[in-house]
Amino acid sequence: MNIFRLAGDMTHLLSVLVLLLKIHTIKSCAGISLKTQELYAIVFATRYLDIFTSYISPYNTIMKLIFLGSSFSIVWYMRYHKIVRRSYDKDQDTFRHYILMLPCLILALLINEKFTFKEVMWAFSLYLEAVAILPQLVLLQRTRNIDNLTGQYVVLLGAYRALYILNWIYRYFTEEHFVHWITWISGLVQTLLYADFFYYYFQSWKNNVKLQLPA
């Protein structure tokens, strides 16, 4: 554990808390892509298959449980909660997210660290996480007007991955034989997908105006 890894984990956790705050307090999921949330639920479900068979530390286990529980609860709220689901913009959230899963699975079968079920699923979760934000970004581009909590949620997600890249750089120079190409490349792709959103978010903050994405 180092400061970059810890900061990345806390930023990721904060992004989830911001989204849950919006859902629980405002009883709204407006501007949130259910497609992206479903992809994240699949990401965590396939990544943490070892949660009950491989113990690392209390911290590790607790974080896994938090992300598993929060991702599935968000999907449940958006699909079934009688108030929250009314604010879901189904007509705008039309990205065919299932088309992202098959290429990620094929890539995981071809490029993995070890050809076992658990390792293939781990690689699949990395590839899928790299592109899971796409439905959310498309939805925001369509709706254009973005409320503060939704904007903060996306920024925190991007910041989490950027901090993890710093964590990998730090570990590369401080630990022997620390080379994980699959993790690095998928993480870099994921971070680059946020670049455009970060630019407009920074511009809106600098000019003190409401965040709007170009059509």
Side-chain angles (χ1 to χ4, degrees), residues 8-9 11-16 18-19 29 31-49 63-64 67-68 70-72 74-75 78-79 88-90 92-113 117-144 146 150-169 180-201 213-215:
D9 285 347
T11 304
H12 195 186
L13 181 60
L14 187 57
S15 73
V16 174
V18 166
L19 183 51
C29 62
I32 302 300
S33 169
L34 175 60
K35 308 296 180 65
T36 283
Q37 298 308 315
E38 288 175 340
L39 290 178
Y40 278 134
I42 294 171
V43 165
F44 296 129
T46 53
R47 179 172 301 171
Y48 300 146
L49 292 172
M63 293 298 282
K64 287 178 179 179
F67 289 122
L68 277 169
S70 61
S71 62
F72 280 96
I74 290 168
V75 170
M78 294 184 69
R79 278 189 171 275
Y88 171 52
D89 196 348
K90 184 178 181 179
Q92 295 289 344
D93 191 24
T94 57
F95 190 102
R96 296 179 181 178
H97 62 323
Y98 56 84
I99 67 173
L100 298 174
M101 296 177 61
L102 183 58
C104 290
L105 180 58
I106 293 173
L107 193 59
L109 289 168
L110 295 174
I111 305 175
N112 52 72
E113 293 189 356
F117 177 74
K118 190 182 294 184
E119 289 298 324
V120 169
M121 288 296 98
W122 173 266
F124 169 72
S125 76
L126 291 174
Y127 299 140
L128 188 61
E129 186 183 16
V131 295
I133 195 62
L134 280 174
Q136 179 66 66
L137 295 176
V138 171
L139 175 61
L140 294 180
Q141 191 172 39
R142 287 176 178 172
T143 56
R144 298 194 64 189
I146 305 165
T150 301
Q152 290 168 10
Y153 165 69
V154 177
V155 165
L156 287 168
L157 274 180
Y160 134 71
R161 183 48 69 187
L163 286 165
Y164 255 63
I165 290 178
L166 294 177
N167 161 58
W168 298 330
I169 294 172
H180 296 283
W181 290 110
I182 294 175
T183 306
W184 294 351
I185 294 173
S186 60
L188 181 60
V189 169
Q190 184 180 356
T191 305
L192 290 175
L193 289 177
Y194 288 91
D196 192 57
F197 182 88
F198 274 141
Y199 171 78
Y200 287 104
Y201 186 90
L213 298 181

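Note that the coordinates shown come from a computational prediction; the quantities given were computed from them, not determined experimentally. The chain is numbered in sequence order, starting from 1. Heavy-atom basis, side chains included; hydrogens, waters and symmetry copies ignored.
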By salt bridge (charged side-chain N to carboxylate O under 4.0 Å, His left out) - contacts of [X] (at least two apart):
X	answer
Arg142	none
Lys35	none
Asp9	Arg5

Can you see which heavy atom on [X] is nearest to which on [Y], and at what distance?
X	Y	answer
Ile146	Gly151	CG2-N, 3.7 Å
Thr46	Ile42	OG1-O, 2.8 Å
Asp93	Pro135	OD1-O, 4.2 Å
Leu140	Gly31	CD2-O, 3.5 Å
Ala159	Phe198	N-CZ, 3.7 Å
Ser125	Arg47	OG-NE, 3.0 Å

For this session: Just say parallel, tilted or perpendicular for the rings of Phe44 and Tyr48, cut-offs at 30° and 60°.
Result: parallel

Determine whether [X] and [Y] make a side-chain contact, defined as any pair of heavy atoms from C-beta on separated by less than 4.5 Å.
X	Y	value
Leu134	His97	no
Glu38	Leu34	yes
Tyr40	Ile133	yes

Name all residues meeting the side chain to side chain donor-acceptor pair (under 3.5 Å) criterion together with [X]; count only those two or more places apart in sequence or in a different chain, and write none if there are none.
X	result
His12	none
Gln136	none
Glu113	His180
Tyr127	none

What is the distance from atom [atom1] of [X] to atom [atom2] of [Y], rounded to the nearest 0.5 Å?
X	Y	atom1	atom2	answer
Trp122	Thr183	CH2	OG1	6.5 Å
Arg79	Tyr88	CZ	OH	7.5 Å
Gln92	Thr143	CD	OG1	7.0 Å
Ile74	Cys29	CD1	SG	10.5 Å
Thr150	Ile32	OG1	CD1	4.0 Å

For this session: For Tyr199, check side-chain contact (heavy atoms from CB on, under 4.5 Å) against everything at least two apart and list the hits.
Result: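 Tyr199 satisfies side-chain contact (heavy atoms from CB on, under 4.5 Å) with Gln203 once adjacent residues are dropped.
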
Problem set entry | Test side-chain contact (heavy atoms from CB on, under 4.5 Å) applied to Tyr98 - qualifying residues, sequence neighbours left out |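 Only Arg96 meet the side-chain contact (heavy atoms from CB on, under 4.5 Å) criterion with Tyr98.
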
Problem set entry | Residue pairs passing the salt bridge (charged side-chain N to carboxylate O under 4.0 Å, His left out) test where at least one lies in residues 97-106, sequence neighbours excluded |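 Qualifying pairs: none.
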
Problem set entry | Leu14, Leu19, Val16 screened by side-chain contact (heavy atoms from CB on, under 4.5 Å) with Tyr153, the one that passes |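 It is Leu19; the other options fail the test.
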
Using residues 103-112 as the side-chain source, report each donor-acceptor pair under 3.5 Å to any protein atom, sequence neighbours left out, with the distance given to one decimal.
{"unit_1": "Asn112", "atom_1": "OD1", "unit_2": "Lys114", "atom_2": "N", "d": "3.3"}
{"unit_1": "Asn112", "atom_1": "OD1", "unit_2": "Phe115", "atom_2": "N", "d": "3.3"}
{"unit_1": "Asn112", "atom_1": "ND2", "unit_2": "Ala108", "atom_2": "O", "d": "2.8"}
{"unit_1": "Asn112", "atom_1": "ND2", "unit_2": "Leu109", "atom_2": "O", "d": "3.2"}

Exercise. Under the 3.5 angstrom rule, does the side chain of Thr11 hit a backbone N or O of Leu156 as a donor-acceptor pair?
Worked result: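 No, the answer is negative, given that no donor and acceptor are paired below the 3.5 Å cut-off.
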
Return all side-chain donor-acceptor pairs below 3.5 angstrom for residues 189-197, not counting sequence neighbours, or 'none' if the list is empty.
{"unit_1": "Gln190", "atom_1": "OE1", "unit_2": "Arg161", "atom_2": "NE", "d": "2.9"}
{"unit_1": "Thr191", "atom_1": "OG1", "unit_2": "Gly187", "atom_2": "O", "d": "2.9"}

